[in-house]
Amino acid sequence: TPRLPGPPLFIGFIITNPDLTQCFQNTVLVWVPCVYLWLLAPFYCLHLYCHDSGRIHMSCLCTAKMVLGFLLASFGFVEFFYILLERSQEIQQHMVFLLSPIIRSMTVILALCIIQLERIRGCRSSVFLFLFWVLAVVCSLVPLRAKIQLAMDEGIASDIVRYLAFFSYFSIQLAQLFLCCFADQPPEGKTVLEKNPCPVKDASFLSKILFWWFTGLVVKGYRTPLAAEDLWTLREEDTSNKIISELQEDWTAESEQDLVMIAALASGAALGSRLPDQAQLLRKLQKEQSSGFFLFRTLVRKFGPYFLTGTLCIIFHDAFMFAIPQVLSLLLGFMRDEDAPLWKGYFYATLMFLLSCLQSLFNHQYMYTCFTVGMRVKTAVMGLVYRKSLVINSAARRTCTVGEIVNLVSADTQKLMDFVVYFNAVWLAPIEIVLCLFFLWQHLGPSALAGITTVILIFPLNGIIAKKRSKLQVKEIQMKFMDGRIRLMNEILNGIKILKFYAWEKAFLEQVLGYREKELKALKKSQILYSISIASFNSSSFLVRIAFAMFGVYVMQDDRNVLDAQKVFVSMALINILKTPLSQLPFAISTTMQAVVSLKRLGKYLCSEELKVDNVSKTPLGSVTHRIIHFFVDRINVRVPRGSLVAVVGHVGSGKSSLLSAMLGETEKRSGCVTVKGSVAYVPQQAWIQNATVQDNILFGREKLKTWYHRVLEACALLPDLDILPAGDATEIGEKGLNLSGGQKQRVSLARAVYRKADVYLLDDPLSAVDAHVGQHIFDKVFGPKGVLRDKTRILVTHGMSFLPQADLILVLVDGEITESGSYQELLGRHGAFADFIHTFANTERKESAIQRDFSFMKLTFGIFGLLIFSRGDTTNTNLQNMEPVTEADQEQVPEDLGKLTEVDKANTGRVRLAMYKKYFKTIGLAIIIPIVFLYAFQQGASLAYNYWLSMWADDPIVNGTQIDTDLKLTVFGALGFVQGLFNKILMDKCIAIFGTTVAISICGIIASRQLHMDLLMNVLRSPMSFFECTPSGNLLNRFAKEIDAIDCMVPDGLKMMLSYVFKLMERSLWVSRINAGVLLFHCGLQSFYVATSCQLRRLEAVSRSPIYTHFNETVQGASVIRAFGEQSRFILQANDRVDFNQTSYFPRFVATRWLAVNLEFVGNGVVLAAAILSVMGKSTLSPGIVGLAVSHSLQVTGILSWIVRSWTDVENNIVSVERVNEYADTAKEASWSVDGSSLPLAWPQKGTIEFMDYGLQYRKGLELALKGITLHINEREKVGIVGRTGAGKSSLALGIFRILEAAKGKIFIDGVNIADIGLHDLRSRITIIPQDPVLFSGSLRMNLDPFDTYTDEEVWNSLELAHLKTFVSNLPDKLNHECSEGGENLSLGQRQLVCLARALLRKTKILVLDEATAAVDLETDTLIQSTIRTQFEDCTVLTIAHRLNTIMDYTRVIVMDRGHISEMDSPANLITQRGQFYRMCREARLV
């Protein structure tokens, strides 16, 4: 009969067979779960009330829980009545026996009510009830053991009813706990609509904390390589739309508050100050300083609460981490106590296992939370930057290039993600260090001060290093050289055509490599400093120094201070814990400093000046009014009536484009007002074309109206082109319209505006790139009195005189000022400057008003390497050539996606090939690798020796309270520690004064990275033009930015970590070898199982990143068009989709790491349990020293095995970067730039004769020749015009001369030299072309004219004078050193064209090719340019692809091309006399 004994309630540590009293079992153990449920239930119910997710149907799972719950409740009531009837005497003594079953049953009923409430509120998996059932089961374990022991002692028959009731009750509790491990079905009406929803939504609490929900993707990835469609859709809370829509409001509020504060500050500074410039500077500096803080505050408000849950997890993790050494101390104390009962040992071993498991769980929940927050921060920042790029004004836009913006969304967002992960270490690491030293004090007393002193002495050094490294990395690498390199690469990719024509690849190659060398030099310094920091804090030699200092002081302090196993290994366990915060702290400080700089950079960009809404007053349908604007366009006052056609004329740089910009609100309004009534459509001077289909470019987000769409195509002269395209209007246009001629791009741009049906049309010289006939057709069908826009308000900037008589109003601009305005007749009647100009040039203009061309403007075929090539269209272009129409036979063989041009960035599949590792290590060299591996092994050998010496010392017998030979043992211990540290010194000498193995591997990484970057750069620059037309620049920028960054840092770091942990594992395995063999096999199996998925996810994430950069690039360049059409919201949605698509592969990537780590660490915790259990079992034969060594090493094996697999996986994941960088090694390349042993004279070509011998050219094998058997001899100093209808092969001649395309048959001789036998640079640098599209690079004006710096300033000025730019450049503050912005955006299109002319004048080679070089200049300038060409290139051979026929009428010869043949060739006069094809063209142009 049970009765209440006296205290103590818990007597397990007093008797050999521990038990708790019956009273304790029936009170505390029953009440603990009950109290938990009753106390927290109200709060939980309130939470459920506030979070309604919909009602869940009664499922089988819910039914099972209810049935089992009622059974549990009934057991309590049955037990109550049983005690009431059968044990009434006991009740009188102890009412507790009667109350316990009632309390238990009522609690179960409460649990059932909560289950139903959860079902009604849509809670699918309950953490609250899971913890309740865990508590209930754990509290029932003690009575269970007592019942089993009692049944074994007394037999079950003594009280069979209560035995059966208890065992049944316990079984049902276990069943309830098991059922709580599963999630219920989705709520009604909330069925998942996504194609492939993330399984974390359906996961139970247990599955979430152990990441079991991820297993399905790992299995799928192991069986077959993952593809993008296998990935889950993002959870709603992770999507761009959800994150940015909420964050945008907070950021807008912060920005407004910022502006108010700064405005007040600036006004305060300006008051009473006679230096407004200083006030302005103060305002700007203050804004830049505070913008980063405002951004940080906004991000904290949004993501802080969720991040705090992770912080709570890491605090729990630390609590369990510090508890483990205390339990180890108890275990070693048990091993030393011969009389201690075995159950204590088993209890300590189990407790250590449980603590290790909890530590792992909380650590990985923390990491999961951090990476989730990091991912959301990345999404938020990318979204803010993208939205800012759509509203930033032109002045602010010029201060940051596309490359820098790409860096903001790649490098800077990565720094913020790292900061999220390591931020807590900044404040938590010092606390962990203090706690470690506190526990060391407890074990070793004042001797711990020696270790504290060692740490304190090293700390300032580490702080200085971290600060220096951060400054070096942030200011030298990230902000300066990496930005510069990416910016330059972006410009190279944008202007690659010019680089090839001018043979400038080497000049720009040197510039890129210059940036790269400076970047690597700074990286090397940073790595050396970081390695000193790591060596001083994290290396085992530093831990030896701490241990040596503490143990030395401890044993020398008093002879009775004995170093036993307990003191040694508990202290070493604490020192090992100390290693983590000591290594994390410098990295965390460095990461924080980098994040601060990144926040400032992002904040500075996000706080840049925006376009003001009041720049233009937009009202419903009406007119455009302009009154007094002071910004580029001065003293303007004009009113445009509705439905009128206004022509704007003026010289190059007179402010015509600025006038349209002002009407669009793109320029800052200083005074006056601009009113636009109705919707606006805009055609920029330089057409902006998206990398999309022809139809998508024209519709531009609008619904397709077939009749109107067809009418627009006809008006813009696009219908004949679409008829012969393989995919019609579904044919893709290359990035920036690379595969279109200037005229084709302009007509597509125009069609986009016409289709819009806007009220006001702003047309910035849309006819400059088309010939006279096409221009007249477009004018008549689109702008003119009978055109489709006749009822619309049209502001037309033009250089075409023939259109002016039909204009309702003409505005004449001179230096940003309207000098004359009125109708054509009115202006002529005034006899002013405009009238004089008209009389001078009108006759010329009329003569060439129309050049009839075949309306097959665009023909399309395959280019080299299966690339789709557009034909020249109505104007010629030097990069592509007309081809014959695709025949029916060809059409049958082409694939369905014939209209596709650009190649999507594709991901490889399977494991990374061994060849990639060979390539990486080959670039380093075996001579460096073998010594590093050997020295790592030697260093670890010393570590093994000193650990074993410690265990022997700990086992040394104690005689009269002291140990013998203490001095000798301390000396040997110190010597071993010195030897271990000495190998770092040896290696330092080996690596030329570079400290430690860490630096050696870093230097190896830099060697490999330098070579891989060089190979990538050379492979890209040596690729033919067709490669750039089908490869989006985002793909290439991704390689040069993210992938090279990974090779710089991530691969060496992974190798360092892996080598270090492999050798540590070899050492630890000697002490727990019985367990480790099987565990190692398991880890290897898990690693190979996991890495297939991990590598593929890394590839998919890298591939999905490229479209983000491409879209950013495209948007920044077309921002004015997007704004003019009001399409910002659509482009924002597209950006969101691209970012979300990237995050769908990033999210499983970091979850995969957590899944692996949890699995590995639980196995590792099993090793700890096994080592401890085996030690307890072998207590009689094992010494405490060996047990301490085995258990402490097994504690480390857990982490070491996990880190080996993780670091190896990281290496393999990041070797993917090597794979991706190496992808372009196998693509087709151009011929050699130079030929060794070439005997080409330096002055070649001296005469400039060109001879074609049976020359044929084709775009790819299997296609008809574009040029067929051309035989032609061009004499020196001859001026030859090349004309012909579209598709005739005019451009093919130019492409052949420059070897942009190689000959299919025949030869070309220049001055008797076969151009196929010489290097491409030898050829291209000796002849000159002036292309239609003027391309400038960011840098000085002089660099744009002479990148090799081979000409004197006098020669440069002379070329500018001849190009009619001397006056303009002379008036610039920096003159020749004037900084051109990216793409030359701070010069007008006409001025850029004149710079291209100046380049040709500077080179002045014997052969000049002109490709419509004066399309973007006014007639007066055109006449001057033609005059310059005639005089300056008088002794040169000139080939002109004709745009205006009158310009070639005085040439010595005209070549008329037709279908790849020369149909006519003679002097213009003779050809007219022959009345052939040329005569017909001249007659149509009214020249005869």
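- Within the model, atoms CG of Asn697 and CD1 of Ile689 stand 5.0 Å from one another, a figure rounded to the nearest 0.5 Å.
- At most 12 heavy atoms of other shown residues, nucleotides or ligands fall within 6.0 angstrom of atom OH in Tyr422.
- Contact detail for Ile244 and Gly383: the closest heavy-atom pair is CD1-CA, 3.3 Å.
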_Residue pair Leu247, Leu299: steps toward the side chain to side chain contact (heavy atoms under 4.5 Å, CB included) verdict_ = CA-CA 8 Å; Leu247 189 74; Leu299 293 172; 4.2 Å; yes
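- Of all non-hydrogen atoms in Leu295 and Gly603, the two that sit nearest each other are CD2-N, 4.1 Å.
- For the pair Arg1130 and Phe1125, the cation does not sit on the ring face, since its NZ or CZ is not both under 6.0 Å from the ring centre and inside 45° of the axis.
- Remark: Tyr605 engages no residue in a ring pair (Phe, Tyr, Trp, His ring centres under 6.0 Å) (not counting sequence neighbours).
- A heavy-atom distance below 4.5 Å is not found between the side chains of Asp238 and Gln1143.
- At a threshold of 4.5 Å between non-hydrogen side-chain atoms, the residues Val420 and Phe303 do not count as touching.
- The distance from atom CZ of Phe1147 to atom CZ of Arg376, rounded to the nearest 0.5 Å, is 8.5 Å.
- With contacts defined as side-chain heavy-atom distances shorter than 4.5 Å, the pair Val377/Met417 does not qualify.
- Counting heavy atoms from C-beta outward, Phe1131 and Gln690 have side chains that approach closer than 4.5 Å.
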*Run the numbers on Met489 and Val512 for side chain to side chain contact (heavy atoms under 4.5 Å, CB included), then give the verdict.*
CA-CA 7 Å; Met489 275 314 305; Val512 173; 3.9 Å; yes
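- Using a distance-only test at 3.5 Å, with no hydrogens or angles considered, no donor-acceptor pair links the side chain of Lys656 to the main chain of Val648.
- Rounding to the nearest 0.5 Å places CD1 of Ile1044 at 12.0 Å from CG of Leu1037.
- Taking 4.5 Å as the limit, every side-chain heavy atom of His1378 sits out of range of all side-chain heavy atoms of Ser1340.
- Using the six-membered ring where Trp is involved, Phe1112 and Tyr386 have ring planes that are perpendicular, over 60° apart on the 30 and 60° scheme.
- A donor-acceptor pair shorter than 3.5 Å can be found between the side chains of Asp1140 and Ser240.
- Phe307 pairs by the ring pair (Phe, Tyr, Trp, His ring centres under 6.0 Å) definition with nothing, not counting sequence neighbours.
- By the 4.0 Å N-to-carboxylate-O rule, Glu1127 lies close enough to Arg756 to be salt-bridged with it.
- For Asp1048, the salt bridge (charged side-chain N to carboxylate O under 4.0 Å, His left out) partners two or more places apart in sequence, or in a different chain, are Arg516.
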*Evaluate the side chain to side chain contact (heavy atoms under 4.5 Å, CB included) criterion for residues Gln1117 and Asn494: first the C-alpha distance (whole Å), next the side-chain angles of each, then the deciding distance (0.1 Å), finally the verdict.*
CA-CA 11 Å; Gln1117 290 177 343; Asn494 288 339; 3.5 Å; yes
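- A donor-acceptor pair shorter than 3.5 Å can be found between the side chains of Arg487 and Tyr515.
- In this view, Tyr1109 satisfies the ring pair (Phe, Tyr, Trp, His ring centres under 6.0 Å) rule with no residue, not counting sequence neighbours.
- Here the closest heavy-atom approach between residue Glu237 and residue Ile243 is recorded as O-CG1, 3.6 Å.
- Looking only at distances, no side-chain donor or acceptor of Gln1128 sits under 3.5 Å from a matching main-chain atom of Leu390.
- Of the inter-residue distances, the one linking Ile392 atom CD1 with Ile405 atom CD1 reads 6.5 Å to the nearest 0.5 angstrom.
- Counting all heavy atoms, side chain and backbone alike, Val683 lies closest to Ala753 at CG2-CB, 3.5 Å.
- In Lys1375, the NZ atom is crowded: over 12 heavy atoms of neighbouring residues, nucleotides or ligands sit closer than 6.0 Å.
- In terms of the salt bridge (charged side-chain N to carboxylate O under 4.0 Å, His left out) criterion, residue partners of Arg485 (sequence neighbours excluded) are, by chain and number, Glu519.
- Side-chain atoms of Ser749 never come within 3.5 Å of backbone atoms of Lys745 as a donor-acceptor pair (strictly under, hydrogens ignored).
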*asked:* Quick one, Leu499 with Phe1337, criterion side chain to side chain contact (heavy atoms under 4.5 Å, CB included). Give me CA distance, side-chain angles, the key distance, then yes/no.
replied: CA-CA 11 Å; Leu499 260 64; Phe1337 302 92; 3.1 Å; yes
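- Rounded to the nearest 0.5 Å, atoms CG (Asn1113) and CD1 (Ile1108) are 13.5 Å apart.
- The main-chain N or O of Glu1114 is found under 3.5 Å from a side-chain atom of Trp688 such that the two form a donor-acceptor pair.
- Within the cation-pi definition used here (under 6.0 Å to the ring centroid, within 45° of the axis), Arg752 qualifies as a partner of Phe700.
- Contact of the Leu660 side chain with the Ile795 side chain is registered, since non-hydrogen atoms from C-beta on lie closer than 4.5 Å.
- Atom CG of Leu384 sits about 5.5 Å away from atom CG of Leu606, to the nearest 0.5 Å.
- For the side-chain contact (heavy atoms from CB on, under 4.5 Å) test with Met593, the passing option among Thr591, Ile589, Val597 is Ile589; the others fail.
- Smallest separation of non-hydrogen atoms from Ser245 and Asn241: OG-O, 2.6 Å.
- Summarising the geometry of Tyr761 relative to Ala758, their closest heavy-atom pair is OH-N, 3.1 Å, with the distance given to 0.1 Å.
- Residues forming a ring pair (Phe, Tyr, Trp, His ring centres under 6.0 Å) with Phe419 (at least two apart in sequence, or on another chain): Phe423.
- You'll find the side chain of Asn393 reaches within 4.5 Å of the side chain of Leu611, heavy atoms only.
- Of the candidates Thr413, Asp412, Asn1142, Asn1142 is the only one forming a side chain to side chain donor-acceptor pair (under 3.5 Å) with Lys378.
- The closest side-chain heavy-atom distance from Glu1043 to Arg1105 is below 4.5 Å.
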